[in-house]
Amino acid sequence: MRTTCCWEDERGERDSAILIAKCRLAPMVGTTIPRLELSALVLAHRLALLVAAASKTKPWKLSILTDSECSIALTRKTGGVLKPYSANRVGEIEELSNGIRELVASLEPLAAVPGSQNWADLGTRGRVSLGEMAGDSWQKGPVWLRQPEETWPITTKLQVKAPREELRA
């Protein structure tokens, strides 16, 4: 998980930098990919709240991006349809989101970024070239972060439904 800050200066030039990062190893057995992804989304919200609370000036906009569409789908379920594990994490995400909203001018809806564009996963890929880790790529994120937001390769329109194994029968 990484929290990256993007800003625009007086001349209209955009830049970005990593603020905080956290990595956790997944257990070899005993959990599913959707549960791991949902736990990662909780961690992203915790980091976002930490950064927003520590900011000396009020951030004007905060976006949380993930390559896990199934996690986003789980956060959109309501009315007790989730099993306890997912329901507890979705509840925590909602609480953290409310805390973030108090600290920033605008909290954008969760958005999905294609896995190939997810710069936070560079360290977890089996083979990463020195070129991928060199220069600004790791510290600043992908080039598209420094472009206007309307050009970012993200979507809030999901192609994936919430995993059945996380829904109550």
Side-chain angles (χ1 to χ4, degrees), residues 1-23 33-34 36-78 86 89-90 92-125 128-129 131-163:
M1 235 4 84
R2 297 168 38 123
T3 300
T4 304
C5 181
C6 303
W7 64 90
E8 190 172 307
D9 65 18
E10 311 80 43
R11 299 174 304 216
E13 294 183 24
R14 299 175 64 95
D15 205 355
S16 60
I18 184 172
L19 296 179
I20 190 170
K22 177 79 175 164
C23 184
I33 297 297
L36 291 171
E37 295 283 4
L38 189 57
S39 293
L41 194 55
V42 170
L43 181 58
H45 280 78
R46 288 177 185 164
L47 289 175
L49 181 61
L50 179 74
V51 167
S55 297
K56 290 183 180 180
T57 58
K58 186 175 186 175
W60 61 276
K61 187 188 299 187
L62 194 139
S63 300
I64 296 177
L65 309 176
T66 178
D67 62 358
S68 175
E69 291 187 21
C70 70
S71 294
I72 296 173
L74 286 168
T75 65
R76 295 180 179 173
K77 291 291 182 186
T78 60
S86 293
R89 275 136 194 93
V90 168
E92 184 175 352
I93 288 170
E94 289 173 8
E95 285 180 29
L96 292 165
S97 295
N98 290 336
I100 293 167
R101 282 187 193 93
E102 292 176 10
L103 298 170
V104 301
S106 172
L107 175 61
E108 296 294 299
L110 284 172
V113 62
S116 62
Q117 296 287 325
N118 184 1
W119 67 100
D121 282 352
L122 278 180
T124 64
R125 294 185 182 138
V128 178
S129 72
E132 289 176 289
M133 296 296 285
D136 290 343
S137 65
W138 178 249
Q139 294 297 318
K140 292 184 174 252
V143 173
W144 55 261
L145 274 180
R146 294 177 291 286
Q147 305 300 322
E149 291 174 52
E150 55 273 3
T151 66
W152 289 7
I154 63 173
T155 184
T156 56
K157 297 176 182 154
L158 299 180
Q159 305 294 321
V160 175
K161 294 182 180 177

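Residue indices begin at 1 and follow the sequence shown.
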CG (Leu145) and CG (Leu65) are apart, to the nearest 0.5 Å, by 7.5 Å

Donor-acceptor under 3.5 Å (Glu69 side chain, Gln159 main chain) | yes

Which heavy atom of Trp152 sits nearest a heavy atom of Gln147, and at what distance?
-> NE1-O, 3.1 Å

Stepwise side-chain contact (heavy atoms from CB on, under 4.5 Å) check, Thr66 with Val113 = CA-CA 6 Å; Thr66 178; Val113 62; over 6 Å; no

The single option from Asn98, Leu74, Leu38, Ile64 that satisfies side-chain contact (heavy atoms from CB on, under 4.5 Å) with Ile93 is Leu38

Can you tell which of Thr75, Ile154, Thr156, Leu158 makes a side-chain contact (heavy atoms from CB on, under 4.5 Å) with Leu110?
-> Thr75

Would a distance-only check, ignoring hydrogens and angles, find a side-chain to backbone donor-acceptor pair under 3.5 Å from Trp144 to Pro153?
-> no

Starting from the C-alpha separation in whole Å, work towards a yes-or-no answer on side-chain contact (heavy atoms from CB on, under 4.5 Å) for Glu94 and Arg89.
-> CA-CA 9 Å; Glu94 289 173 8; Arg89 275 136 194 93; over 6 Å; no

Do Arg46 and Glu92 meet the salt-bridge criterion of a basic N to acidic O distance under 4.0 Å?
-> yes

Where do Ser106 and Glu108 land on the side chain to side chain donor-acceptor pair (under 3.5 Å) test, with the steps shown first?
-> CA-CA 6 Å; Ser106 172; Glu108 296 294 299; 3.0 Å; yes

Shortest non-hydrogen pair, Leu107 vs Ile100, comes out as CD1-CG2, 3.9 Å

To the nearest 0.5 Å, atom NZ of Lys161 lies from atom CZ of Arg76 at 14.0 Å

Over all heavy atoms of both residues, which pair between Ala105 and Lys58 is shortest? Give the atoms and the distance, please.
-> N-CE, 3.6 Å

Closest non-hydrogen atom pair, Arg146 against Arg14 = O-CB, 3.3 Å

Identify the two heavy atoms, one from Ala162 and one from Lys77, that lie closest to each other, and give their separation to 0.1 Å.
-> CB-CE, 3.8 Å

Heavy-atom closest pair, residues Leu49 and Gly99 | CD1-C, 3.6 Å

Approximate separation, where rounding is to 0.5 Å, of Leu36 CG and Leu41 CG | 12.5 Å

Ile33 atom CD1, over 12 foreign heavy atoms within 6.0 Å = no

Straight-line distance of Ser97 OG to His45 NE2, nearest 0.5 Å | 3.5 Å

